[in-house]
Amino acid sequence: MSNKVIFTMLSLFSIIVLGACIIGFTLSAKTPKEWWNNSFIYQVYPRSFMDSDGDGTGDLNGITSKLEHFADLNVSAIWISPIYVSPMADFGYDISNFTDIDPVFGTIEDFTNLTTRAKSLGIKVLLDFVPNHSSDEHPWFKQSVQRVKPYDDYYVWLDGKLVNGSYQPPNNWLSVFGGSAWEWSPVRQQYYLHQFTRGQPDLNFTNPLVLMEMEKILIFWIDHGVDGFRMDAVNYLIEDARFLDEPASGANVPADDYDSLDHVYSKDMDQTFVILKTWRKRIDAYSKKDKEQKLILTEAYADMESMKRFYEAGSDVPMNFMFIGQLNANSTTMEFKRAIDSWLGMVPKGHVANWVVGNHDNSRVSNRFGAGRADQLSMLTAVLPGLGIIYYGDEIGMTDREMTWNETVDPAGCNAGPERFMLKSRDPERTPFQWDDSMNAGFSTANETWLPVNDNYKQINLAKQKMEDVSHYKLLKQLVKLKKTPVVATGTTEVILVTENVLGVIRKLPDVKPVVLLVNFKNETVVVDARTWMNIPAELTVFAGSVGSGIPSEVIMDTTEIYLPAEASVILY
Ligand code: NOJ
Ligand code: MG
Ligand code: CA
């Protein structure tokens with residue numbers, strides 16, 4: 001490349017940067033007072049958190065025995081992935097009784113004990129509500145197969161298509177986990193829809209009886225003391241009634257891979273939002289007597305316009321998966337800025353923004369961005385306005401454990417086959433929590449745990465990080481505190497391209513020092529003049545640096561010349 005071209009590119013970059021600085025996005029300082037604003041929610045994957053009875057699988061009493069952990073972190077709530085009766089085809093997301101606890105997790109009494117103890121520690125408890133499907137072992141489905149009324153119309157049944165004298169599925173729809181989304185029932189002589197595993201038949205949400213059943217389930221758990229729900233796969237509730245073939249997406253994947261089609265008829269249908277509104281109303285009406293509003297989080301990997309519609313339809317937290325889906329280790333600072341600004345710009349007035357760091361369906365943050373950059377995401381989550389959602393293990397920087405084909409149990413992995421399971425399996429991010437360096441990382445006394453413990457547990461575990469002066473755990477505790485400080489809780493927000501490789505976030509309130517986050521995307525040390533580019537005071541104090549950055553807390557920094565080691569991030573105040 002000629003010098004001239006490079007020079008022109010550099011000038012262009014300066015213009016873009018300067019422009020971005022001047023028109024830096026500013027969010028209004030209106031701040032809703034809900035309990036979840038400016039806090040963190042912690043996702044517990046119950047099979048992997050703590051095993052109390054030595055059977056190798058985590059359980060409710062295990063969670064109860066570790067409630068102090070959440071209190072110590074000072075998170076506001078835990079969301080527990082499904083604990084209901086289940087054949088475990090999708091590890092609890094296939095439910096055969098929505099209003100009882102699976103024996104592997106314990107009993108209803110154990111759950112009541114958990115919520116009572118959690119409440120006494122000031123921790124709210126949210127459950128996973130899984131409306132789109134039941135298990136194929138649910139009595140509703142068993143009766144639906146037999147055409148017993150009224151269950152005959154509880155699921156999505158269609159006749160096969162007669163092709164050359166034999167029956168084929170009604171259309172080309174695919175399951176999220178690969179292969180046809182239709183399964184033949186020899187008894188009923190029809191196909192049923194399953195957007196997930198064949199053990200998870202889709203319920204028919206055009207049937208008012210199904211809607212009533214779901215409302216009863218919500219009420220049941222409100223009666224059992226829950227503070228809200230994470231609603232699973234809500235954008236799959238409704239299908240286009242014409243059941244037309246879906247067009248090819250053009251993605252370079254095998255024909256039975258879900259990503260090979262554009263899901264224009266089986267996902268994100270308008271009626272979804274109507275259903276959500278009725279649940280919002282029902283939950284609010286029923287819990288009016290409670291002093292706090294029940295929280296609704298919705299799980300939908302969807303576009304920005306849908307996110308807005310989820311807010312408007314009554315979701316308090318349309319989960320923002322940008323740090324999981326849209327952005328990755330190769331994303332530029334500009335891509336981060338654009339994505340964050342567009343989210344902040346979309347959140348309707350009076351609603352709370354949210355940032356999801358990780359979950360049980362995706363590689364851990366340490367793997368998505370690299371162990372050296374994992375703290376960047378929790379620091380962004382803390383400094384940006386609203387709610388942060390972390391996944392168990394994020395607080396200590398747990399990493400994925402590579403599984404062999406033989407070790408693979410996740411249906412998403414198993415369905416993909418021995419050549420492609422590693423692209424789809426969610427087992428790597430679901431390994432037992434690493435409490436300490438004892439047997440099974442302190443998770444279980446069993447000879448074998450349901451998924452193997454990550455071999456790195458002697459280096460990465462909670463007990464060790466509690467002892468160390470600098471650790472992911474200590475940093476996260478600081479970040480939880482920071483979120484509640486007035487500047488971060490109520491200040492304005494600007495996201496700034498400080499240099500091509502350094503992203504900055506400033507939170508400001510009149511007459512107080514700002515809170516400033518700097519994130520180095522690059523794998524080498526950079527020196528930045530944050531004072532000029534961010535218009536901040538010449539001196540600020542280090543609140544916290546990312547683990548491994550070597551930046552000590554509480555030192556005063558000259559902001560005209562900040563050294564940011566490779567992949568480091570730092571918060572100043
Ligand atoms: C989303 C859940 O997070 C995932 O784990 C599950 O497999 C599907 N929904 C089906 O319930
Ligand atoms: Mg157990
Ligand atoms: Ca559905």
Side-chain angles (χ1 to χ4, degrees), residues 43 45-65 79-84 86 88-95 101-107 110 128-135 154-156 173 175-178 181 192-207 210 214 230-241 243 258 263 265-269 271-272 275 297-301 319 321 324 356 358-362 389 391 410-415 424-427 429-430 432 440 443-446 448-450:
Q43 181 191 354
Y45 193 69
R47 299 180 68 84
S48 303
F49 192 65
M50 182 66 200
D51 175 21
S52 73
D53 58 0
D55 66 352
T57 302
D59 42 58
L60 291 178
N61 288 340
I63 301 172
T64 307
S65 73
W79 143 39
I80 312 176
S81 282
I83 48 177
Y84 319 109
S86 166
M88 304 288 167
D90 189 18
F91 297 106
Y93 283 93
D94 51 315
I95 299 166
I101 307 287
D102 194 278
V104 88
F105 297 123
T107 62
D110 296 336
D128 218 312
F129 172 61
V130 188
N132 178 64
H133 41 266
S134 73
S135 160
Y154 265 39
Y155 294 85
V156 183
W173 293 3
S175 146
V176 173
F177 299 142
Y192 68 84
L193 177 72
H194 60 90
Q195 299 230 42
F196 296 90
T197 70
R198 69 165 68 99
Q200 291 164 298
D202 274 55
L203 285 153
N204 173 12
F205 276 92
T206 64
N207 181 347
V210 170
M214 285 300 142
R230 175 267 191 187
M231 299 189 168
D232 180 82
V234 282
N235 52 338
Y236 291 87
L237 290 176
I238 288 283
E239 292 77 26
D240 185 301
F243 292 97
Y258 186 68
H263 305 287
Y265 299 127
S266 59
K267 232 179 116 186
D268 303 320
M269 297 292 117
Q271 190 64 15
T272 311
I275 295 176
L297 302 93
T298 43
E299 187 228 18
Y301 292 78
M319 290 172 128
F321 296 120
I324 293 179
V356 180
N359 64 27
H360 62 300
D361 293 327
N362 294 281
I389 304 174
Y391 180 50
D410 176 27
C414 296
N415 286 1
K424 300 282 177 182
S425 174
R426 301 165 295 176
D427 294 328
E429 62 265 20
R430 296 177 174 179
N440 293 326
F443 161 75
S444 172
T445 55
E448 209 183 325
T449 53
W450 84 280

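One-based numbering, in listed order, for ligands and for the atoms of each. Position 1 is the first residue of the sequence, and the numbers go up from there. This structure is a prediction, so every number in the text was calculated from the model and none was measured. Hydrogens, waters and symmetry mates play no part in the numbers below; they use all other heavy atoms, side chains included.
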Item to check | Which of the ligand 1 atoms, numbered from 1, are nearer than 4.0 Å to a heavy atom of His133 | outcome: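 Those qualifying, in numeric order: 10 (C), 11 (O).
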
Item to check | Under 4.0 Å to a heavy atom of Glu299 - the qualifying atoms of ligand 1, by number | outcome: 1 (C), 3 (O)

Checklist outcome for this item: When Glu299, Met214, Arg230 are each screened for side chain to side chain contact (heavy atoms under 4.5 Å, CB included) with Phe129, the one that passes is Met214

Cut-off 3.5 Å, side chains only: do [X] and [Y] have a donor facing an acceptor?
{"X": "His360", "Y": "Gln43", "value": "yes"}
{"X": "Asn61", "Y": "Thr64", "value": "no"}
{"X": "Tyr93", "Y": "Ser86", "value": "no"}
{"X": "Tyr301", "Y": "Asn362", "value": "yes"}

Under 4.0 Å, counting heavy atoms only: does [X] come that close to any atom of ligand 1?
{"X": "Arg230", "answer": "yes"}
{"X": "Arg430", "answer": "yes"}
{"X": "Arg426", "answer": "yes"}

Checklist entry - With respect to the Ca ion (ligand 3), what is the nearest N, O or S atom of Glu239? => result OE2

Checklist entry - With respect to the Ca ion (ligand 3), what is the nearest N, O or S atom of Asp202? => result OD2

Next on the checklist: Determine whether the aromatic ring centres of residues Tyr258 and Phe177 are separated by less than 6.0 angstrom.
Outcome noted: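 No, the ring centres sit 6.0 Å or more apart.
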
Next on the checklist: Determine whether the aromatic ring centres of residues Trp173 and Phe243 are separated by less than 6.0 angstrom.
Outcome noted: yes

Next on the checklist: Let me check your reading of the structure: within less than 2.8 Å of the Mg ion (ligand 2), is there an N/O/S atom from Asn61?
Outcome noted: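 Checking Asn61: none of its N, O or S atoms is under 2.8 Å.
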
Starting from [atom], find the nearest protein heavy-atom neighbour and note its residue, name and distance.
{"atom": "atom 7 (O) of ligand 1", "value": "Asp90 OD2, 2.5 Å"}
{"atom": "atom 1 (C) of ligand 1", "value": "Asp232 OD1, 2.9 Å"}
{"atom": "atom 3 (O) of ligand 1", "value": "Asp361 OD2, 2.4 Å"}

Checklist entry - At the Mg ion (ligand 2), what is the angle formed between atom OD1 of Asp55 and atom OD1 of Asp53, rounded to the nearest 10°? => result 80°

Checklist entry - To the nearest 10 degrees, how large is the angle at the Mg ion (ligand 2) between Asp59 OD2 and Asp51 OD1? => result 90°

Checklist entry - Relative to ligand 1, is Phe177 under 4.0 angstrom through side chain, backbone, both or neither, heavy atoms considered? => result side chain

Checklist entry - Just one of Asn235, Asp232, Asp202 clears the side chain to side chain donor-acceptor pair (under 3.5 Å) bar with Asn132, so which one? => result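 With Asn132 as partner, Asn235, Asp232, Asp202 yield a single side chain to side chain donor-acceptor pair (under 3.5 Å), made by Asp202.
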
Next on the checklist: One thing to verify: whether Asp102 and Arg47 come together as a salt bridge, which I'm taking to mean a side-chain N less than 4.0 angstrom from a carboxylate O.
Outcome noted: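 Between Asp102 and Arg47 there is no salt bridge, as every charged N stays at least 4.0 Å from the carboxylate O atoms.
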
Checklist entry - If you measure from the Lys or Arg side-chain nitrogens to the Asp or Glu carboxylate oxygens, is any gap between Asp361 and Arg430 under 4.0 Å? => result yes

Item to check | Apex the Ca ion (ligand 3) - arms OD1 from Asn132 and O from Tyr236 - angle rounded to 10° | outcome: 80°

